[in-house]
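Read the structure below first, then the notes.
We count residues from 1, following the sequence as given.
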Amino acid sequence: MTLPQRTLSNWSPEAVVFDCDGTLMDTERHWQDARNRAFREFGLLPPPGFADRAKGVHYVDCGRLMAEETNKPELAADLTTALLSHFMSLVAEDPLTMPGAGEMVRLLSGRLPLAVASNCPLEVVEESLGRAGLRRHFRHIVVPTGPPDKRGAGPGRDGERSQAVRPKPWPDVYATAARLCGVRPETALAVEDSLTGIESAWRAGLRTLGVGPLPDEADTGHADAWVAALDDPEVLDWVRNWRRPPSPGEEQDHRRHGPL
């Protein structure tokens with residue numbers, strides 16, 4: 001485990017909020033393939049370095065960026081529609097979990113509240129996790145309520161009506177997930193593979209574990225720690241040794257009688 005200035009090694013969270021794409025599910029390659037297919041569909045070439053700039057970006061923003069960087073702003077809506085259509089087809093064909101993701105989720109299931117905070121549409125997250133056999137482990141799935149510039153109420157988790165939830169890097173998805181898990185943000189851990197997502201979690205007040213290849217120049221942003229993959233034995237041992245958070249009844253008893 002790579003531990004920069006801050007450390008997670010002696011800390012146990014009260015809830016864990018996972019990103020989906022590239023963290024739980026091996027879908028970043030599907031997004032890249034979907035972008036390439038959408039570009040080809042409109043006779044366009046991906047600009048150099050576009051994959052890095054698009055990582056972790058909400059798909060509506062990504063479609064807009066695809067149009068802007070190819071000097072075809074009038075195609076923003078069409079590219080967005082094509083991008084999502086190609087992505088959903090690819091996920092349905094080949095749902096794969098990231099190394100160690102399933103094991104970590106199963107280790108925590110029933111011990112801590114678990115949630116997913118994603119920039120993907122709800123149906124994509126539900127479908128991906130369902131096909132991988134992981135959906136039942138998560139109490140809550142939080143996604144943006146609509147396009148990034150949309151205001152007002154909309155469907156949140158599982159069709160609930162909620163206040164507008166903006167996409168990452170805004171803090172909304174992580175702040176909402178922590179609240180739904182019933183914990184203060186500073187007691188929750190976010191698990192993320194992108195700097196966009198890490199910024200979102202940090203802005204919401206969560207501590208963050210980055211996963212995957214280190215970004216360019218080893219810039220881990222606001223991550224408290226970074227690991228190459230969730231199947232790292234040090235990570236799994238750390239998770240196994242987390243203290244179980246007290247139940248509400250235990251907390252009340254502790255307040256009544258004081259510390260032992």
Side-chain angles (χ1 to χ4, degrees), residues 1-25 97-118 125 129 134-143 157 168-169 171-212 220-252 254-255 259:
M1 187 184 297
T2 301
L3 300 171
Q5 297 175 353
R6 302 164 300 282
T7 179
L8 295 176
S9 59
N10 296 317
W11 176 74
S12 298
E14 295 182 7
V16 181
V17 184
F18 291 86
D19 169 55
C20 187
D21 288 347
T23 301
L24 289 173
M25 302 301 300
T97 57
M98 295 296 291
E103 184 175 0
M104 184 172 179
V105 168
R106 286 186 285 271
L107 275 173
L108 294 173
S109 184
R111 291 174 56 195
L112 298 177
L114 301 181
V116 173
S118 175
V125 180
L129 295 177
L134 296 178
R135 175 63 185 89
R136 62 188 177 87
H137 298 291
F138 294 98
R139 295 186 187 180
H140 307 286
I141 295 176
V142 182
V143 300
R157 185 265 178 196
K168 306 170 190 177
D172 301 23
V173 288
Y174 277 106
T176 302
R179 176 177 58 79
L180 291 172
C181 286
V183 303
R184 300 186 309 277
E186 64 270 19
T187 68
L189 176 70
V191 185
E192 263 285 356
D193 73 310
S194 74
L195 293 180
T196 298
I198 287 170
E199 180 182 349
S200 171
W202 172 77
R203 292 173 67 182
L206 282 72
R207 302 187 76 171
T208 58
L209 173 66
V211 60
T220 57
H222 295 289
D224 292 278
W226 200 285
V227 295
L230 295 178
D231 61 357
D232 183 326
E234 187 179 356
V235 175
L236 295 175
D237 286 344
W238 173 56
V239 170
R240 290 187 186 99
N241 290 322
W242 284 352
R243 299 182 301 276
R244 183 178 65 86
S247 67
E250 290 173 332
E251 287 182 339
Q252 291 174 4
H254 179 79
R255 287 194 296 269

Quiz item: Who pairs with S194 by side chain to side chain contact (heavy atoms under 4.5 Å, CB included), at least two apart in sequence or on another chain?
Solution: K55, E192, T196

Quiz item: What is the minimum heavy-atom distance between A177 and V17, and which atoms define it?
Solution: CB-CG1, 3.7 Å

Practice problem: Taking all non-hydrogen atoms of both residues into account, name the closest pair between A229 and V235 and its distance. | Solution: O-CG2, 4.4 Å

Exercise. Provide the full list of side-chain hydrogen bond (donor to acceptor under 3.5 Å, both in side chains) pairs with a residue in residues 197-206, sequence neighbours left out, each pair given once.
Key: none

Self-check item: V173 vs K168, side chain to side chain contact (heavy atoms under 4.5 Å, CB included): CA-CA, chis, key distance, verdict
Solution: CA-CA 7 Å; V173 288; K168 306 170 190 177; 3.7 Å; yes

Self-check item: Heavy-atom pair with the smallest gap, counting every atom of A204 and Y174
Solution: CB-CB, 3.8 Å

Practice problem: Kindly give the heavy-atom pair with the smallest separation between S109 and H137, and that separation in Å. | Solution: OG-ND1, 2.8 Å

Quiz prompt | side chain to side chain contact (heavy atoms under 4.5 Å, CB included) evaluation trace for W226 with I198 | solution = CA-CA 11 Å; W226 200 285; I198 287 170; 3.2 Å; yes

Quiz item: Rounded to the nearest 0.5 Å, how far apart are OG1 of T208 and CG of L195?
Solution: 10.0 Å

Exercise. Would you please name every residue forming a side-chain hydrogen bond (donor to acceptor under 3.5 Å, both in side chains) with R240, sequence neighbours left out?
Key: E103, D237

Quiz item: How would you list, by chain and number, every residue that makes a side chain to side chain contact (heavy atoms under 4.5 Å, CB included) with M25, sequence neighbours excluded?
Solution: C20, T27, P95, T97, S128, L129, A132

Exercise. Might you point out which heavy atoms bring A101 and L24 nearest each other, and give the distance in Å?
Key: CB-O, 3.6 Å

Self-check item: Distance, nearest 0.5 Å, that separates CG of L180 from CZ of R139
Solution: 11.0 Å

Exercise. Calculate, to the nearest 0.5 Å, the distance between atoms CD1 and CG belonging to I141 and L114 respectively.
Key: 11.5 Å

Quiz prompt | Those residues that, when tested against D193, pass side-chain hydrogen bond (donor to acceptor under 3.5 Å, both in side chains) (two or more places apart) | solution = T23

Quiz item: Would you say the side chain of R135 lies within less than 4.5 Å of the side chain of V125, judging by non-hydrogen atoms?
Solution: no

Self-check item: Residues which pass side chain to side chain contact (heavy atoms under 4.5 Å, CB included) with W242, listed by chain and number, not counting sequence neighbours
Solution: S12, P13, V16, M104, L108, R111, L112, L189, W238, V239

Quiz prompt | Least distance between heavy atoms, L236 atom then L107 atom | solution = CD2-CD1, 4.0 Å

